[in-house]
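Everything below concerns the one structure shown next.
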Amino acid sequence: MPQGANVFAQLTVQENLLLGAWVERGDRGRVGQMLERAYATFPRLREKRRHRATSLSGGEAKMLSLAKELVTDPKLLLVDEPSAGLAPRISTEVYARLVEARARGVTILLVDQNITKAVEVSDYLYVIEGGQVRRQGPQADFADHLRELIRDSLLGA
C-alpha cells in the first residue's frame, strides 16, 4: 500500500474493490464475501460504493486503498506512511485496521514517521535516520522508552 490514495480515480469504490478481489474472479460467492468484509471493515465505503473515487475525501480514499489490499487476505502487507495527511480520527481508524490485520496473522512491513502509532502495531522496529539504522529491537524496548526515542530521533537531542 503505497503512500497516497493508490486508487483508480475514475472507477467507483466498488469497482476498485473488485479489482482488489480479482484473484477470486471466478468465484462470485467468494468475491461477494470479500466485498462484504471490506464494507463491514469500512462502513463509509458501503455508503460511497457507487461514487467515483475522485469524489472521496483523502481519508476515504486511504480507507479504500487499504480495503483494496486487505480484501485479498494477504499474508504480507507492505505499508508506506498510512497516516500521512490524514485527520487524527481517520489515522486512528486506519491503524486500527492494521492492528486487526496483524491479529489475523498478516505480516506487516510498515514505514511511517508516526513513531507512536508504529510502536503500537509492530513486533520489531528499526529506526532509520539518514539511511542508517540507528536503533532496532523488539516493540517492548521502544514502548518503554517512547518519549526518549521521539526526543532523540525527531528533535535531534
Side-chain angles (χ1 to χ4, degrees), residues 1-49 53 56-86 88-129 131-144 146 149 153:
M1 188 178 106
Q3 182 177 352
N6 189 36
V7 297
F8 295 94
Q10 294 304 315
L11 298 180
T12 65
V13 167
Q14 184 148 328
E15 289 167 337
N16 269 277
L17 291 172
L18 286 170
L19 284 175
W22 71 271
V23 294
E24 299 289 343
R25 64 190 174 277
D27 185 345
R28 294 178 73 121
R30 176 80 175 119
V31 170
Q33 290 171 348
M34 294 168 88
L35 288 175
E36 186 53 41
R37 188 175 66 240
Y39 293 141
T41 301
F42 294 107
R44 183 79 174 135
L45 296 181
R46 182 188 310 275
E47 298 168 19
K48 299 272 188 161
R49 71 182 175 274
L56 301 177
S57 70
E60 291 166 340
K62 184 63 83 165
M63 287 179 202
L64 177 57
S65 181
L66 181 55
K68 190 167 57 106
E69 303 304 330
L70 291 175
V71 77
T72 64
D73 288 327
K75 292 184 182 351
L76 172 66
L77 187 60
L78 307 173
V79 183
D80 184 21
E81 299 283 350
S83 60
L86 297 181
R89 182 181 62 78
I90 302 298
S91 176
T92 298
E93 186 171 349
V94 167
Y95 263 94
R97 300 301 81 79
L98 291 174
V99 168
E100 289 170 3
R102 178 178 164 228
R104 288 193 316 270
V106 177
T107 299
I108 300 172
L109 177 59
L110 171 71
V111 176
D112 203 344
Q113 293 182 31
N114 187 334
I115 294 171
T116 305
K117 293 289 187 185
V119 168
E120 290 175 12
V121 73
S122 300
D123 292 317
Y124 198 89
L125 294 100
Y126 294 88
V127 175
I128 301 173
E129 295 176 71
Q132 300 290 320
V133 175
R134 301 290 184 202
R135 186 171 175 190
Q136 64 177 311
Q139 184 266 359
D141 290 354
F142 287 82
D144 294 341
L146 195 54
L149 176 66
S153 297

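The model shown is predicted, which means the values in this text are computed figures rather than measured ones.
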Any chance you could measure [X], atom [atom1], to [Y], atom [atom2], to the nearest 0.5 Å?
X: Leu110; Y: Glu120; atom1: CG; atom2: CD; value: 11.0 Å
X: Lys48; Y: Leu56; atom1: NZ; atom2: CG; value: 6.0 Å
X: Leu35; Y: Gln14; atom1: CG; atom2: CD; value: 5.5 Å
X: Leu45; Y: Thr12; atom1: CG; atom2: OG1; value: 11.0 Å
X: Leu18; Y: Met34; atom1: CG; atom2: CE; value: 10.0 Å
X: Ser91; Y: Lys117; atom1: OG; atom2: NZ; value: 5.5 Å

* Salt bridge check: are Asp123 and Arg102 linked by an N-O gap of less than 4.0 Å? ->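 Answer for the salt bridge query: yes.
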* Ionic contact status for Asp73 with Arg37, cut-off 4.0 Å ->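 Counted as a salt bridge, because a side-chain N and a carboxylate O are separated by less than 4.0 Å.
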* Please report the C-alpha distance between Val119 and Gln139 in whole Å, then the side-chain angles of each, then the deciding distance to 0.1 Å, and finally whether the side chain to side chain contact (heavy atoms under 4.5 Å, CB included) criterion is met. => CA-CA 6 Å; Val119 168; Gln139 184 266 359; 3.7 Å; yes
* Asked: Could you go step by step and tell me if Arg104 and Leu70 meet the side chain to side chain contact (heavy atoms under 4.5 Å, CB included) rule?
  -> CA-CA 11 Å; Arg104 288 193 316 270; Leu70 291 175; 4.1 Å; yes
I want to check something: taking the side chain as every heavy atom from C-beta on, are [X] and [Y] in contact at a cut-off of under 4.5 Å?
X: Leu66; Y: Leu98; answer: yes
X: Asp112; Y: Pro82; answer: yes
X: Tyr95; Y: Leu86; answer: no

* **Check against side chain to side chain contact (heavy atoms under 4.5 Å, CB included), Val71 and Thr41** => CA-CA 10 Å; Val71 77; Thr41 301; over 6 Å; no
* Exceeds 12 heavy-atom contacts within 6.0 angstrom, atom CZ of Arg89 ->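 Incorrect, the count does not exceed 12.
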Please report the closest heavy-atom contact between [X] and [Y], naming both atoms and the distance.
X: Ala67; Y: Phe42; value: CB-CD1, 3.8 Å
X: Ala61; Y: Val7; value: O-CG1, 3.8 Å
X: Val106; Y: Pro74; value: CG2-O, 3.3 Å
X: Gly59; Y: Ile90; value: CA-CG2, 3.6 Å

* Going through the checks in order, is the side chain to side chain contact (heavy atoms under 4.5 Å, CB included) test met by Phe8 and Lys68? -> CA-CA 11 Å; Phe8 295 94; Lys68 190 167 57 106; 4.2 Å; yes
